[in-house]
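Working notes, structure below.
Every chain is numbered from 1 and lettered A, B, ... according to where its sequence line falls, protein lines coming before strand lines. The analysis underlying the following values was restricted to heavy atoms, covering all of them including side chains, and did not include hydrogens, waters or symmetry mates.
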2 protein chains.
Amino acid sequence: MLVKLDKQAGVRAPLRSTGSIGTDIRALRRSRNWTLNDLAARLDRSVGWLSQVERGQSEPALADIRTVAALFDLPVSFFFSQSPDTPEAAYVVRSESRRAMSDEGKGLVESLLSPDLGGAFEIVHSVFAAGARCPQPFVRLTEEAGYVIEGSLTLIIDGENFVLKRGDSFRFAGETVSWVNEGEVPAVLIWVIAPPVY
Amino acid sequence: MLVKLDKQAGVRAPLRSTGSIGTDIRALRRSRNWTLNDLAARLDRSVGWLSQVERGQSEPALADIRTVAALFDLPVSFFFSQSPDTPEAAYVVRSESRRAMSDEGKGLVESLLSPDLGGAFEIVHSVFAAGARCPQPFVRLTEEAGYVIEGSLTLIIDGENFVLKRGDSFRFAGETVSWVNEGEVPAVLIWVIAPPVY
DNA sequence: TGAATGAAAAAATGTTTGATTTTTTCATTT
DNA sequence: AAATGAAAAAATCAAACATTTTTTCATTCA
(Lines give C-alpha, C1' and ligand atoms only; values in the text may rest on other atoms or scores of the structure.)
Protein backbone atom coordinates (compact mmCIF):
# COMPACT_ATOMS: atom_id res chain seq x y z
CA MET A 1 0.00 0.00 0.00
CA LEU A 2 1.26 3.35 -0.99
CA VAL A 3 0.88 6.13 1.53
CA LYS A 4 -0.52 9.31 0.04
CA LEU A 5 1.72 12.17 1.08
CA ASP A 6 0.30 15.63 0.84
CA LYS A 7 1.84 18.10 -1.54
CA GLN A 8 2.16 20.89 0.94
CA ALA A 9 4.68 18.94 2.94
CA GLY A 10 6.97 19.12 -0.05
CA VAL A 11 7.27 15.41 -0.63
CA ARG A 12 7.62 14.55 -4.27
CA ALA A 13 5.25 11.96 -5.58
CA PRO A 14 6.97 9.15 -7.46
CA LEU A 15 9.25 7.49 -5.00
CA ARG A 16 8.48 3.84 -5.20
CA SER A 17 10.13 2.60 -8.30
CA THR A 18 9.99 -0.52 -10.30
CA GLY A 19 13.74 -0.35 -10.65
CA SER A 20 13.45 -0.37 -14.41
CA ILE A 21 15.42 1.59 -16.92
CA GLY A 22 12.30 3.51 -17.82
CA THR A 23 11.92 4.72 -14.26
CA ASP A 24 15.50 5.93 -14.27
CA ILE A 25 15.00 7.78 -17.50
CA ARG A 26 11.89 9.45 -16.22
CA ALA A 27 13.65 10.60 -13.05
CA LEU A 28 16.61 11.88 -15.02
CA ARG A 29 14.39 13.76 -17.43
CA ARG A 30 12.47 15.30 -14.56
CA SER A 31 15.65 16.34 -12.78
CA ARG A 32 16.36 18.61 -15.72
CA ASN A 33 12.78 19.80 -16.03
CA TRP A 34 12.50 18.40 -19.50
CA THR A 35 9.22 17.34 -21.05
CA LEU A 36 8.74 14.12 -22.95
CA ASN A 37 8.97 16.25 -26.03
CA ASP A 38 12.30 17.76 -25.01
CA LEU A 39 13.91 14.40 -24.48
CA ALA A 40 12.19 12.69 -27.39
CA ALA A 41 13.53 15.38 -29.71
CA ARG A 42 17.06 14.80 -28.48
CA LEU A 43 16.65 11.08 -29.00
CA ASP A 44 15.00 11.69 -32.33
CA ARG A 45 12.05 9.59 -31.28
CA SER A 46 8.35 10.23 -30.84
CA VAL A 47 6.77 11.43 -27.65
CA GLY A 48 4.44 8.45 -27.51
CA TRP A 49 7.33 6.04 -27.70
CA LEU A 50 9.20 7.77 -24.92
CA SER A 51 6.13 7.72 -22.71
CA GLN A 52 5.90 3.99 -23.27
CA VAL A 53 9.56 3.46 -22.56
CA GLU A 54 9.43 5.40 -19.34
CA ARG A 55 6.51 3.31 -18.17
CA GLY A 56 8.11 0.06 -19.14
CA GLN A 57 5.70 -0.68 -21.95
CA SER A 58 8.39 -0.63 -24.55
CA GLU A 59 12.11 -1.34 -24.58
CA PRO A 60 14.53 1.29 -25.74
CA ALA A 61 17.25 0.22 -28.14
CA LEU A 62 20.78 0.12 -26.87
CA ALA A 63 21.55 3.13 -29.01
CA ASP A 64 18.85 5.08 -27.18
CA ILE A 65 20.29 4.14 -23.82
CA ARG A 66 23.69 5.25 -24.95
CA THR A 67 22.30 8.60 -25.99
CA VAL A 68 20.49 9.01 -22.70
CA ALA A 69 23.66 8.16 -20.78
CA ALA A 70 25.57 10.75 -22.75
CA LEU A 71 22.87 13.38 -22.28
CA PHE A 72 22.98 12.96 -18.52
CA ASP A 73 26.70 12.36 -18.28
CA LEU A 74 26.31 8.95 -16.72
CA PRO A 75 28.11 5.73 -17.53
CA VAL A 76 25.95 3.32 -19.50
CA SER A 77 26.60 0.81 -16.75
CA PHE A 78 24.41 2.92 -14.50
CA PHE A 79 21.31 1.65 -16.27
CA PHE A 80 22.29 -1.96 -15.77
CA SER A 81 23.59 -1.89 -12.23
CA GLN A 82 20.39 -3.34 -10.97
CA SER A 83 19.99 -3.70 -7.27
CA PRO A 84 19.68 -7.34 -6.20
CA ASP A 85 16.09 -8.49 -6.44
CA THR A 86 15.40 -8.72 -2.73
CA PRO A 87 12.51 -7.18 -0.83
CA GLU A 88 14.88 -4.82 0.92
CA ALA A 89 15.93 -3.24 -2.36
CA ALA A 90 13.08 -0.75 -2.09
CA TYR A 91 14.57 0.73 1.03
CA VAL A 92 18.18 -0.30 1.48
CA VAL A 93 21.36 0.02 -0.54
CA ARG A 94 24.16 -2.24 0.65
CA SER A 95 27.65 -0.81 0.55
CA GLU A 96 28.73 -3.39 -1.98
CA SER A 97 25.88 -2.71 -4.40
CA ARG A 98 25.81 1.02 -4.91
CA ARG A 99 25.23 2.29 -8.40
CA ALA A 100 28.21 4.23 -9.74
CA MET A 101 27.30 7.55 -11.30
CA SER A 102 30.70 8.50 -12.64
CA ASP A 103 33.51 6.60 -14.23
CA GLU A 104 36.77 6.18 -12.44
CA GLY A 105 39.59 8.29 -13.79
CA LYS A 106 38.24 11.76 -13.28
CA GLY A 107 39.43 11.77 -9.71
CA LEU A 108 35.89 11.63 -8.41
CA VAL A 109 33.79 8.52 -7.98
CA GLU A 110 30.18 9.16 -7.09
CA SER A 111 27.67 6.49 -6.22
CA LEU A 112 24.03 6.61 -5.38
CA LEU A 113 23.05 5.94 -1.78
CA SER A 114 19.32 5.83 -2.35
CA PRO A 115 17.50 2.84 -3.83
CA ASP A 116 16.55 4.81 -6.93
CA LEU A 117 16.71 8.19 -8.59
CA GLY A 118 13.93 10.56 -7.76
CA GLY A 119 12.66 11.88 -4.50
CA ALA A 120 13.11 15.29 -2.97
CA PHE A 121 16.86 15.06 -2.70
CA GLU A 122 19.81 13.04 -3.84
CA ILE A 123 22.22 11.40 -1.44
CA VAL A 124 25.54 10.46 -2.89
CA HIS A 125 28.74 8.76 -1.73
CA SER A 126 31.72 10.62 -3.19
CA VAL A 127 35.35 9.65 -3.21
CA PHE A 128 37.76 12.41 -4.22
CA ALA A 129 41.16 11.01 -5.20
CA ALA A 130 44.24 12.47 -3.55
CA GLY A 131 45.27 15.50 -5.55
CA ALA A 132 42.04 15.62 -7.54
CA ARG A 133 40.69 19.03 -8.42
CA CYS A 134 37.32 20.22 -9.66
CA PRO A 135 37.80 20.90 -13.39
CA GLN A 136 35.98 24.20 -13.03
CA PRO A 137 33.87 26.02 -10.47
CA PHE A 138 30.14 25.44 -10.75
CA VAL A 139 26.91 27.13 -9.74
CA ARG A 140 23.72 25.17 -9.33
CA LEU A 141 20.15 26.06 -8.48
CA THR A 142 20.22 23.62 -5.61
CA GLU A 143 20.79 23.41 -1.93
CA GLU A 144 23.72 21.15 -1.14
CA ALA A 145 25.21 19.84 2.07
CA GLY A 146 27.87 17.33 2.91
CA TYR A 147 29.82 15.53 5.59
CA VAL A 148 33.44 14.38 5.56
CA ILE A 149 33.75 10.72 6.50
CA GLU A 150 37.42 10.22 5.74
CA GLY A 151 40.34 12.32 4.58
CA SER A 152 40.19 16.02 3.91
CA LEU A 153 38.70 18.21 1.21
CA THR A 154 39.14 21.88 0.45
CA LEU A 155 35.91 23.55 -0.59
CA ILE A 156 36.02 26.91 -2.30
CA ILE A 157 32.73 28.74 -1.82
CA ASP A 158 32.44 32.12 -3.48
CA GLY A 159 36.21 32.43 -3.46
CA GLU A 160 36.71 31.52 0.18
CA ASN A 161 38.71 28.40 1.03
CA PHE A 162 37.54 25.98 3.67
CA VAL A 163 39.67 23.00 4.56
CA LEU A 164 37.28 20.34 5.79
CA LYS A 165 38.46 17.43 7.86
CA ARG A 166 36.83 14.25 9.06
CA GLY A 167 33.62 15.03 10.89
CA ASP A 168 33.23 18.52 9.41
CA SER A 169 30.15 19.38 7.42
CA PHE A 170 28.95 22.15 5.15
CA ARG A 171 25.99 23.57 3.32
CA PHE A 172 25.58 26.08 0.54
CA ALA A 173 22.89 27.18 -1.90
CA GLY A 174 23.45 29.16 -5.03
CA GLU A 175 27.10 30.01 -4.49
CA THR A 176 29.93 29.38 -6.90
CA VAL A 177 31.71 26.29 -5.69
CA SER A 178 34.86 24.38 -6.41
CA TRP A 179 36.96 21.77 -4.61
CA VAL A 180 40.44 20.22 -4.34
CA ASN A 181 41.73 17.30 -2.40
CA GLU A 182 45.09 18.62 -1.20
CA GLY A 183 45.61 15.63 1.05
CA GLU A 184 47.58 12.47 0.47
CA VAL A 185 44.63 10.13 0.83
CA PRO A 186 41.25 9.96 -0.85
CA ALA A 187 38.55 12.12 0.69
CA VAL A 188 35.27 10.34 1.32
CA LEU A 189 32.12 12.41 1.69
CA ILE A 190 28.39 12.09 1.89
CA TRP A 191 26.90 14.74 -0.36
CA VAL A 192 23.23 15.74 -0.41
CA ILE A 193 21.63 17.72 -3.22
CA ALA A 194 18.10 19.07 -3.40
CA PRO A 195 16.42 19.01 -5.76
CA PRO A 196 18.16 16.16 -7.57
CA VAL A 197 20.36 17.05 -10.51
CA TYR A 198 20.89 13.56 -11.82
CA MET B 1 24.93 39.47 -1.75
CA LEU B 2 22.10 37.02 -1.64
CA VAL B 3 21.49 34.93 -4.71
CA LYS B 4 17.86 34.78 -5.71
CA LEU B 5 16.94 31.17 -6.34
CA ASP B 6 13.87 30.48 -8.35
CA LYS B 7 10.92 28.78 -6.78
CA GLN B 8 10.47 26.23 -9.49
CA ALA B 9 13.76 24.62 -8.62
CA GLY B 10 12.29 23.83 -5.24
CA VAL B 11 14.82 25.76 -3.21
CA ARG B 12 13.38 27.27 -0.10
CA ALA B 13 13.97 30.94 0.41
CA PRO B 14 15.32 31.78 3.85
CA LEU B 15 18.67 30.09 4.08
CA ARG B 16 21.14 32.74 5.13
CA SER B 17 20.63 33.26 8.79
CA THR B 18 21.80 35.78 11.29
CA GLY B 19 22.42 32.97 13.72
CA SER B 20 20.10 34.55 16.23
CA ILE B 21 17.58 32.89 18.47
CA GLY B 22 14.81 34.55 16.51
CA THR B 23 15.96 32.93 13.31
CA ASP B 24 15.94 29.55 15.00
CA ILE B 25 12.47 30.08 16.31
CA ARG B 26 11.20 31.09 12.92
CA ALA B 27 12.70 28.00 11.29
CA LEU B 28 11.27 25.76 13.98
CA ARG B 29 7.85 27.30 13.67
CA ARG B 30 7.93 26.91 9.90
CA SER B 31 9.01 23.28 10.15
CA ARG B 32 5.68 22.57 11.80
CA ASN B 33 3.73 24.75 9.43
CA TRP B 34 2.61 26.95 12.27
CA THR B 35 1.66 30.57 11.77
CA LEU B 36 2.81 33.37 14.02
CA ASN B 37 -0.62 33.13 15.50
CA ASP B 38 -0.31 29.41 16.24
CA LEU B 39 2.93 29.82 18.09
CA ALA B 40 2.03 33.09 19.76
CA ALA B 41 -1.08 31.46 21.18
CA ARG B 42 0.97 28.64 22.64
CA LEU B 43 3.35 31.15 24.18
CA ASP B 44 0.47 33.28 25.31
CA ARG B 45 1.96 36.28 23.57
CA SER B 46 0.79 38.58 20.80
CA VAL B 47 1.45 37.98 17.14
CA GLY B 48 3.21 41.33 16.78
CA TRP B 49 5.62 40.50 19.54
CA LEU B 50 6.50 37.15 18.08
CA SER B 51 7.12 38.72 14.71
CA GLN B 52 9.53 41.13 16.37
CA VAL B 53 11.28 38.38 18.27
CA GLU B 54 11.76 36.27 15.19
CA ARG B 55 13.32 39.21 13.39
CA GLY B 56 15.58 40.10 16.26
CA GLN B 57 13.81 43.35 17.09
CA SER B 58 12.82 42.19 20.50
CA GLU B 59 14.28 39.77 23.01
CA PRO B 60 12.22 36.89 24.30
CA ALA B 61 12.26 36.27 28.03
CA LEU B 62 13.99 33.16 29.26
CA ALA B 63 10.61 31.72 30.11
CA ASP B 64 9.57 32.06 26.48
CA ILE B 65 12.68 30.27 25.29
CA ARG B 66 12.00 27.48 27.73
CA THR B 67 8.51 27.11 26.39
CA VAL B 68 9.73 27.09 22.82
CA ALA B 69 12.33 24.45 23.67
CA ALA B 70 9.65 22.31 25.24
CA LEU B 71 7.28 22.77 22.31
CA PHE B 72 9.90 21.56 19.87
CA ASP B 73 11.43 18.98 22.16
CA LEU B 74 14.86 20.56 22.08
CA PRO B 75 17.26 21.23 24.91
CA VAL B 76 17.34 24.88 25.93
CA SER B 77 21.06 24.75 25.28
CA PHE B 78 20.29 24.47 21.60
CA PHE B 79 19.39 28.14 21.46
CA PHE B 80 22.68 29.17 23.03
CA SER B 81 25.10 26.88 21.24
CA GLN B 82 26.10 29.63 18.91
CA SER B 83 28.52 28.78 16.19
CA PRO B 84 31.84 30.61 16.59
CA ASP B 85 31.68 34.02 15.00
CA THR B 86 33.94 33.32 12.05
CA PRO B 87 33.21 33.99 8.39
CA GLU B 88 33.05 30.26 7.70
CA ALA B 89 30.15 29.81 10.08
CA ALA B 90 27.71 30.56 7.28
CA TYR B 91 28.81 27.47 5.39
CA VAL B 92 30.77 25.14 7.60
CA VAL B 93 30.11 23.27 10.84
CA ARG B 94 33.24 21.92 12.49
CA SER B 95 32.95 18.53 14.11
CA GLU B 96 33.66 20.01 17.52
CA SER B 97 31.01 22.70 17.31
CA ARG B 98 27.85 20.95 16.25
CA ARG B 99 24.65 21.97 17.93
CA ALA B 100 23.11 19.16 19.95
CA MET B 101 19.44 18.62 19.30
CA SER B 102 18.76 16.03 21.93
CA ASP B 103 19.91 15.46 25.45
CA GLU B 104 22.12 12.54 26.29
CA GLY B 105 20.38 9.77 28.19
CA LYS B 106 17.72 8.77 25.71
CA GLY B 107 20.16 6.57 23.89
CA LEU B 108 20.19 8.87 20.88
CA VAL B 109 22.29 11.97 20.45
CA GLU B 110 21.44 14.04 17.42
CA SER B 111 23.36 17.07 16.28
CA LEU B 112 22.87 19.48 13.46
CA LEU B 113 25.29 19.27 10.56
CA SER B 114 24.10 22.39 8.78
CA PRO B 115 25.03 25.90 9.83
CA ASP B 116 21.46 26.70 10.76
CA LEU B 117 17.93 25.36 10.81
CA GLY B 118 15.92 25.92 7.70
CA GLY B 119 16.56 25.00 4.12
CA ALA B 120 14.99 22.27 2.05
CA PHE B 121 16.25 19.43 4.17
CA GLU B 122 17.84 18.69 7.48
CA ILE B 123 21.13 16.86 7.83
CA VAL B 124 21.79 15.35 11.19
CA HIS B 125 24.58 13.40 12.88
CA SER B 126 23.03 10.69 15.03
CA VAL B 127 24.66 8.44 17.58
CA PHE B 128 22.56 5.51 18.73
CA ALA B 129 23.88 4.05 21.97
CA ALA B 130 24.51 0.30 22.10
CA GLY B 131 21.27 -1.37 23.08
CA ALA B 132 19.17 1.75 22.49
CA ARG B 133 15.74 1.26 21.06
CA CYS B 134 13.25 3.66 19.50
CA PRO B 135 10.63 4.28 22.20
CA GLN B 136 7.89 3.77 19.66
CA PRO B 137 7.48 3.48 15.90
CA PHE B 138 6.84 6.73 14.07
CA VAL B 139 5.34 7.90 10.80
CA ARG B 140 6.28 11.23 9.32
CA LEU B 141 5.22 13.16 6.24
CA THR B 142 8.81 13.36 5.13
CA GLU B 143 11.32 11.69 2.92
CA GLU B 144 14.25 10.39 4.93
CA ALA B 145 17.54 8.81 4.02
CA GLY B 146 20.63 7.81 5.93
CA TYR B 147 24.07 6.30 5.84
CA VAL B 148 25.82 4.17 8.47
CA ILE B 149 29.25 5.55 9.31
CA GLU B 150 30.08 3.30 12.22
CA GLY B 151 28.52 0.37 14.03
CA SER B 152 25.26 -1.24 13.07
CA LEU B 153 21.62 -0.30 13.31
CA THR B 154 18.46 -2.31 12.78
CA LEU B 155 15.75 -0.36 10.97
CA ILE B 156 12.20 -1.63 11.04
CA ILE B 157 10.28 -0.27 8.06
CA ASP B 158 6.64 -1.26 7.84
CA GLY B 159 7.37 -4.28 9.97
CA GLU B 160 10.35 -5.52 8.01
CA ASN B 161 13.72 -5.67 9.74
CA PHE B 162 16.87 -4.46 8.02
CA VAL B 163 20.19 -4.81 9.77
CA LEU B 164 22.36 -2.02 8.42
CA LYS B 165 26.12 -2.13 8.70
CA ARG B 166 28.86 0.38 8.03
CA GLY B 167 28.54 1.75 4.51
CA ASP B 168 24.91 0.72 4.06
CA SER B 169 22.31 3.33 3.33
CA PHE B 170 18.53 3.56 3.22
CA ARG B 171 15.62 5.73 2.24
CA PHE B 172 11.94 5.72 3.06
CA ALA B 173 8.99 8.06 2.80
CA GLY B 174 5.72 7.72 4.62
CA GLU B 175 6.32 4.29 6.13
CA THR B 176 6.06 3.36 9.77
CA VAL B 177 9.59 3.23 11.10
CA SER B 178 11.39 2.13 14.20
CA TRP B 179 14.99 1.26 15.13
CA VAL B 180 17.18 -0.65 17.57
CA ASN B 181 20.90 -0.80 18.04
CA GLU B 182 21.42 -4.48 18.70
CA GLY B 183 25.19 -4.11 18.50
CA GLU B 184 27.75 -3.74 21.26
CA VAL B 185 29.01 -0.36 20.09
CA PRO B 186 27.29 2.93 19.31
CA ALA B 187 25.90 3.27 15.80
CA VAL B 188 26.83 6.49 14.05
CA LEU B 189 24.68 7.64 11.14
CA ILE B 190 24.12 10.58 8.87
CA TRP B 191 20.39 11.13 8.62
CA VAL B 192 18.69 13.39 6.10
CA ILE B 193 15.11 14.57 6.42
CA ALA B 194 13.10 16.60 3.94
CA PRO B 195 11.31 18.78 4.63
CA PRO B 196 12.82 19.61 8.02
CA VAL B 197 10.94 18.50 11.10
CA TYR B 198 12.92 20.47 13.64
C1' DT C 1 13.73 51.99 28.75
C1' DG C 2 12.73 48.14 26.42
C1' DA C 3 8.89 44.55 26.56
C1' DA C 4 4.42 43.96 24.92
C1' DT C 5 0.01 45.05 22.72
C1' DG C 6 -3.51 45.84 19.14
C1' DA C 7 -4.85 47.50 14.94
C1' DA C 8 -3.87 49.07 10.18
C1' DA C 9 -0.99 48.30 6.09
C1' DA C 10 1.67 45.31 3.40
C1' DA C 11 2.98 40.94 1.89
C1' DA C 12 2.28 36.35 1.09
C1' DT C 13 -0.57 32.55 0.24
C1' DG C 14 -4.59 30.15 -1.44
C1' DT C 15 -8.49 29.56 -4.86
C1' DT C 16 -10.94 29.58 -8.91
C1' DT C 17 -11.41 29.39 -13.79
C1' DG C 18 -10.24 28.72 -18.38
C1' DA C 19 -6.49 28.06 -21.47
C1' DT C 20 -2.36 25.60 -22.61
C1' DT C 21 0.95 22.08 -22.22
C1' DT C 22 2.21 17.56 -21.20
C1' DT C 23 1.32 12.79 -20.92
C1' DT C 24 -1.12 8.64 -22.00
C1' DT C 25 -3.55 5.66 -24.93
C1' DC C 26 -4.27 3.12 -28.90
C1' DA C 27 -5.10 1.91 -33.69
C1' DT C 28 -1.95 1.51 -37.32
C1' DT C 29 2.58 1.02 -39.78
C1' DT C 30 7.36 -0.63 -40.07
C1' DA D 1 7.69 -6.09 -30.92
C1' DA D 2 9.33 -1.30 -32.02
C1' DA D 3 7.70 2.96 -33.41
C1' DT D 4 4.49 6.45 -35.03
C1' DG D 5 0.84 9.97 -35.00
C1' DA D 6 -3.28 11.65 -33.48
C1' DA D 7 -7.12 11.82 -30.06
C1' DA D 8 -8.26 11.72 -25.14
C1' DA D 9 -7.00 12.47 -20.53
C1' DA D 10 -4.34 14.54 -17.14
C1' DA D 11 -1.49 17.89 -15.41
C1' DT D 12 0.23 22.48 -15.38
C1' DC D 13 -0.08 27.47 -15.81
C1' DA D 14 -1.67 32.26 -15.53
C1' DA D 15 -4.74 35.88 -14.16
C1' DA D 16 -7.93 37.72 -10.97
C1' DC D 17 -9.67 37.72 -6.66
C1' DA D 18 -10.22 36.43 -1.73
C1' DT D 19 -8.11 35.18 2.43
C1' DT D 20 -4.46 34.56 5.62
C1' DT D 21 -0.20 35.78 7.45
C1' DT D 22 3.29 39.00 8.55
C1' DT D 23 5.08 43.52 9.41
C1' DT D 24 4.86 48.03 11.12
C1' DC D 25 4.08 51.35 14.43
C1' DA D 26 1.86 54.31 17.78
C1' DT D 27 0.75 53.41 22.36
C1' DT D 28 0.66 51.17 26.98
C1' DC D 29 2.85 48.53 30.53
C1' DA D 30 6.14 47.20 34.05
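- Among the heavy atoms of the strands lying under 4.0 Å from A:Ser51 is at least one base atom, whether or not backbone atoms are also near.
- Taking the six-membered ring where the residue is Trp, the centroids of A:Phe162 and A:Trp179 are separated by 6.0 Å or more.
- Residues in residues 33-69 of chain A take part in these ring pair (Phe, Tyr, Trp, His ring centres under 6.0 Å) pairs, two or more places apart or across chains: A:Trp34-A:Phe72.
- Put simply, CG on A:Leu36 is 15 Å from C1' on D:dA3, counting in whole angstrom units.
- In the hydrophobic clustering, A:Ile156 connects to A:Val180, either directly or through intervening members, whenever side-chain heavy atoms lie under 4.5 Å apart.
- The side chain of A:Arg26 has C:dT24 as its nearest neighbour among D:dT22, C:dT24, C:dT23.
- A:Arg98 meets the side-chain contact (heavy atoms from CB on, under 4.5 Å) test with A:Val93, A:Ser95, A:Ser111, A:Leu113, A:His125, B:Tyr147; sequence neighbours excluded.
- Ring pair A:Phe170/A:Trp191: centre-to-centre distance below 6.0 Å.
- Pairs passing the salt bridge (Lys or Arg N to Asp or Glu O under 4.0 Å) check and including a residue from residues 87-96 of chain A, sequence neighbours excluded, read A:Glu88-A:Arg94, A:Arg94-B:Asp168.
- Five base pairs at each end of the helix from C:dT1-D:dA30 to C:dT30-D:dA1 define two local axes, and these are offset by 60° (rounded to 10°).
- Partners of A:Arg55 by side-chain contact (heavy atoms from CB on, under 4.5 Å), not counting sequence neighbours, listed by chain and number: A:Arg26, A:Ser51, A:Gln52, A:Gln57.
- The interatomic distance linking A:Asn33 (CG) with D:dT12 (C1') rounds to 12 Å, in whole Å.
- Qualifying side chain to side chain donor-acceptor pair (under 3.5 Å) partners for A:Glu160, counting only residues two or more places apart in sequence or in other chains: none.
- Hydrophobic cluster of A:Val185: no remaining members, since no ILVMFWY side chain lies below 4.5 Å from it.
- Phosphate contact (OP1/OP2 of C:dA12, side-chain N/O of B:Arg30, threshold under 4.0 Å): absent.
- A:Asn37 pairs by the side chain to side chain donor-acceptor pair (under 3.5 Å) definition with nothing, not counting sequence neighbours.
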Close N/O contacts between protein and nucleotides 5-7 of chain C (under 3.5 Å):
from, atom 1, to, atom 2, distance (Å)
C:dT5, OP2, B:Ser46, N, 2.8
C:dT5, OP2, B:Ser46, OG, 3.1

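- What separates CD1 of B:Ile25 from P of D:dT22 is a distance of 14 Å, to the nearest Å.
- Residues satisfying the side chain to side chain donor-acceptor pair (under 3.5 Å) criterion with A:Asp64, sequence neighbours excluded, are A:Arg45.
- Proximity of residues 53-64 of chain A to DNA chain D (heavy atom under 4.0 angstrom from any strand atom) is restricted to A:Ser58, A:Glu59.
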